[in-house]
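Everything on this sheet refers to the single structure shown next.
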Amino acid sequence: METTVQKKRILSGIQPSGNLTLGSYLGAIKNWAALADEYDCYYMMADMHTITVRQVPADLRRNTLTQLAAYIASGLDPEKNVLFVQSHVPAHAQLGWVLDCYTMFGELSRMTQFKDKSAKNADNINAGLFTYPALMAGDILLYQADLVPVGGDQKQHVEICRDIANRFNGIYGETFKIPEPYIPKVGARVMSLTSPENKMSKSDKDPNGCVYMLEKPEDIMRKFKKAVTDSEACVRYDIANKPGVSNLMQIYAVSTGKTFEEIEAEFAGRGYGDFKKAVGESVVEMLRPIREETERLLADKAYLETIYRSGAERASRVADRTVSKVYKKVGFLAR
Ligand code: ATP
Ligand code: LTN
């Protein structure tokens, strides 16, 4: 008898809420390309999540397309990976609603992203911002994903997804695969260059704290030269006492493949000026081919359109099966 082994699945996504940062690249996208042979991978532009914060419609459309181009330019082969736009697959909204009804007010109130974002958007604390984790749980569970590759800040969201899935499975019997987060050892939390106690983030108010994936080399170099360090003048890894230098070491480690020991040896007895220049150059060289390829792809809208159309079809095939199963389990009358 012939047996076919079903590859394990991966699902992840990023909100097209602005320009992608070095943080999203190192914490998430960079790790995705390497997983394509071993797993069945689904990566989306999470545009439905993005409108939890008010967006300019034209910017949202442009960011969504740019993000798709950046995914491909970062090595995600659209044949091997299913690349799609969340709002193109209605199953996300369908399962999202059902899961809203299996997610508790108390657990949503404890989410740090909700607390942070409602503090930042005090004039628009909408219901979508609050129930965001249920929509995200649906994103993952629709594909019966085994692994969710994300940066450290998203761990809590994968945990609540597991809780929701276990709760649903407990009531209705095995329905959802319980996913695991997949968080890189180095690069899981890239910090702001100007305030290294805060995460580097695309919605950061200080443009110097944040390096964008598609930024010009001279701007990247300027930001690294200005990066906050300390007065010890010694390149040494010590997160608690030297957050700025340790952050730069992490960035350098991931962009060059060097270990912390090698980096400490390389810069022993040298000033921070040399070190910051080297980190900047390594980032510029890592991002240069991605920026060039993204620009090339963005000039070919017809090609990008074929990718997201076929992505939506491939994603829907899997996602619709899960929605049918769930609708049946909760007792919706079959159409
Ligand atoms: P926003 O400012 O709109 O909340 P963000 O810049 O924090 O966005 P997201 O779009 O929320 O980034 O994150 C995309 C992916 O990149 C997620 O998997 C997230 O965990 C990861 N990520 C984001 N910022 C960082 C960072 N500074 N370090 C490591 N990983 C990150
Ligand atoms: N919440 C994530 C984006 C996101 C996501 C997902 C990540 C939406 N749906 C599903 C992994 C799996 C964020 O803000 N970075």
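Computed from a predicted model, the values in this text were never measured in an experiment. First listed ligand is number 1; within each ligand, the first listed atom is number 1. Positions are given from 1, in the same order as the sequence printed here.
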Original post:
For ligand 1, which atoms have a heavy atom of G187 less than 4.0 angstrom away?
Top reply: 29 (C)

**OP:** Would you confirm whether W32, through its side chain, and P149, through its main-chain N or O, come within 3.5 Å as a donor-acceptor pair?
**Re:** yes

Original post:
Ion pair present between R309 and E305, side-chain N to carboxylate O less than 4.0 angstrom?
Top reply: yes

Original post:
How does S201 reach ligand 1, if at all, at less than 4.0 Å between non-hydrogen atoms: by side chain, backbone, both, or neither?
Top reply: both

Subject >> Side chain, backbone, both or neither: the part of V148 lying under 4.0 Å from ligand 2 by heavy atom >> reply: side chain

Original post:
Tell me: protein heavy atom nearest atom 7 (C) of ligand 2, and distance?
Top reply: G13 O, 3.3 Å

Subject >> Spacing of CG belonging to N169 relative to CD1 belonging to I164, to within rounding of 0.5 Å >> reply: 12.0 Å

Original post:
Ion pair present between D153 and K199, side-chain N to carboxylate O less than 4.0 angstrom?
Top reply: yes

Subject >> Where ligand 1 meets A28 - atom numbers and elements under 4.0 angstrom, heavy-atom basis >> reply: 15 (C), 16 (O), 18 (O)

Original post:
Nearest to atom 24 (N) of ligand 1, what protein heavy atom do you find, and at what distance?
Top reply: K199 NZ, 3.3 Å

Original post:
In ligand 1, which numbered atoms sit nearer than 4.0 Å to a non-hydrogen atom of K117?
Top reply: 1 (P), 3 (O), 4 (O)

Original post:
Identify the closest protein heavy atom to atom 3 (O) of ligand 1: which residue and atom is it, and at what distance?
Top reply: S17 OG, 3.0 Å

**OP:** Identify whether the distance between the nearest side-chain nitrogen and carboxylate oxygen of K8 and E38 falls below 4.0 Å.
**Re:** no

**OP:** Can you label the angle between the F130 ring and the F105 ring as parallel, tilted or perpendicular, going by 30° and 60°?
**Re:** tilted

Subject >> Short N or O distance, V190 and ligand 1, threshold 3.5 Å exclusive >> reply: yes

**OP:** Quick one: look at A188 and ligand 1, take heavy-atom pairs under 4.0 Å, and tell me if it's side chain, backbone, both or neither.
**Re:** backbone

Subject >> Atoms in ligand 1 flagged as close to G151, the criterion being non-hydrogen separation under 4.0 Å >> reply: 18 (O), 19 (C), 20 (O), 21 (C), 30 (N)

Original post:
At what distance is the nearest protein heavy atom to atom 9 (N) of ligand 2, and which residue and atom is it?
Top reply: D139 OD2, 2.7 Å

Original post:
Got E180 and V148 here, is their nearest side-chain heavy-atom distance under 4.5 Å?
Top reply: no

Original post:
What about Y212 and L193, same hydrophobic cluster or not, with Ile/Leu/Val/Met/Phe/Trp/Tyr joined at side-chain heavy-atom distances under 4.5 Å?
Top reply: no

Subject >> Protein heavy atom at shortest distance from atom 13 (O) of ligand 1 >> reply: I14 CG2, 4.5 Å

**OP:** Distance to 0.1 Å, residue and atom name: give those for the protein heavy atom nearest to atom 10 (C) of ligand 2.
**Re:** L11 CD1, 3.6 Å

Original post:
Parallel under 30°, tilted from 30 to 60°, perpendicular over 60°: which one fits the rings of Y143 and F84?
Top reply: tilted

Original post:
For ligand 1, which atoms sit closer than 4.0 Å to a heavy atom of R189?
Top reply: 28 (N), 29 (C)

Original post:
Polar-atom distance check: M200 versus ligand 1, any N or O pair below 3.5 Å?
Top reply: yes

**OP:** Please work out which of H157, M48, K202, Q154 has its closest non-hydrogen atom nearest to atom 13 (C) of ligand 2.
**Re:** Q154

Subject >> T112 and its side-chain hydrogen bond (donor to acceptor under 3.5 Å, both in side chains) partner, picked from Q156, H157, K117 >> reply: Q156

**OP:** Identify the protein heavy atom lying closest to atom 30 (N) of ligand 1, giving its residue, its atom name and the separation to 0.1 Å.
**Re:** G23 O, 3.2 Å

Subject >> K202, any N or O under 3.5 Å of ligand 1 N or O >> reply: yes

Original post:
Would you say Q154 has any N or O atom under 3.5 Å from an N or O of ligand 1, going by distance alone?
Top reply: no

**OP:** Ignoring hydrogens, just give me the one of I251, V158, D153, V150 whose non-hydrogen atom is nearest atom 20 (O) of ligand 1.
**Re:** D153

**OP:** Report, as yes or no, whether the 6.0 Å neighbourhood of atom CD on E79 holds more than 12 heavy atoms from other residues, nucleotides or ligands.
**Re:** no

Subject >> Side chain, backbone, both or neither: V150 near ligand 2, heavy atoms under 4.0 Å >> reply: side chain

Subject >> atom 14 (O) of ligand 2: the protein heavy-atom neighbour that sits closest, reported with distance to 0.1 Å >> reply: Y132 OH, 2.8 Å

Subject >> Reference residue D146; test salt bridge (charged side-chain N to carboxylate O under 4.0 Å, His left out); the match among K7, R9, K177 >> reply: K177

Original post:
Contact between M44 and ligand 2, counting heavy atoms under 4.0 Å?
Top reply: yes

Original post:
Which bit of I140 is near ligand 2, meaning a heavy atom under 4.0 Å away: side chain, backbone, both or neither?
Top reply: side chain

**OP:** Just say parallel, tilted or perpendicular for the rings of Y237 and F260, cut-offs at 30° and 60°.
**Re:** parallel

Original post:
Quick one: are C210 and N19 in side-chain contact, heavy atoms under 4.5 Å?
Top reply: no

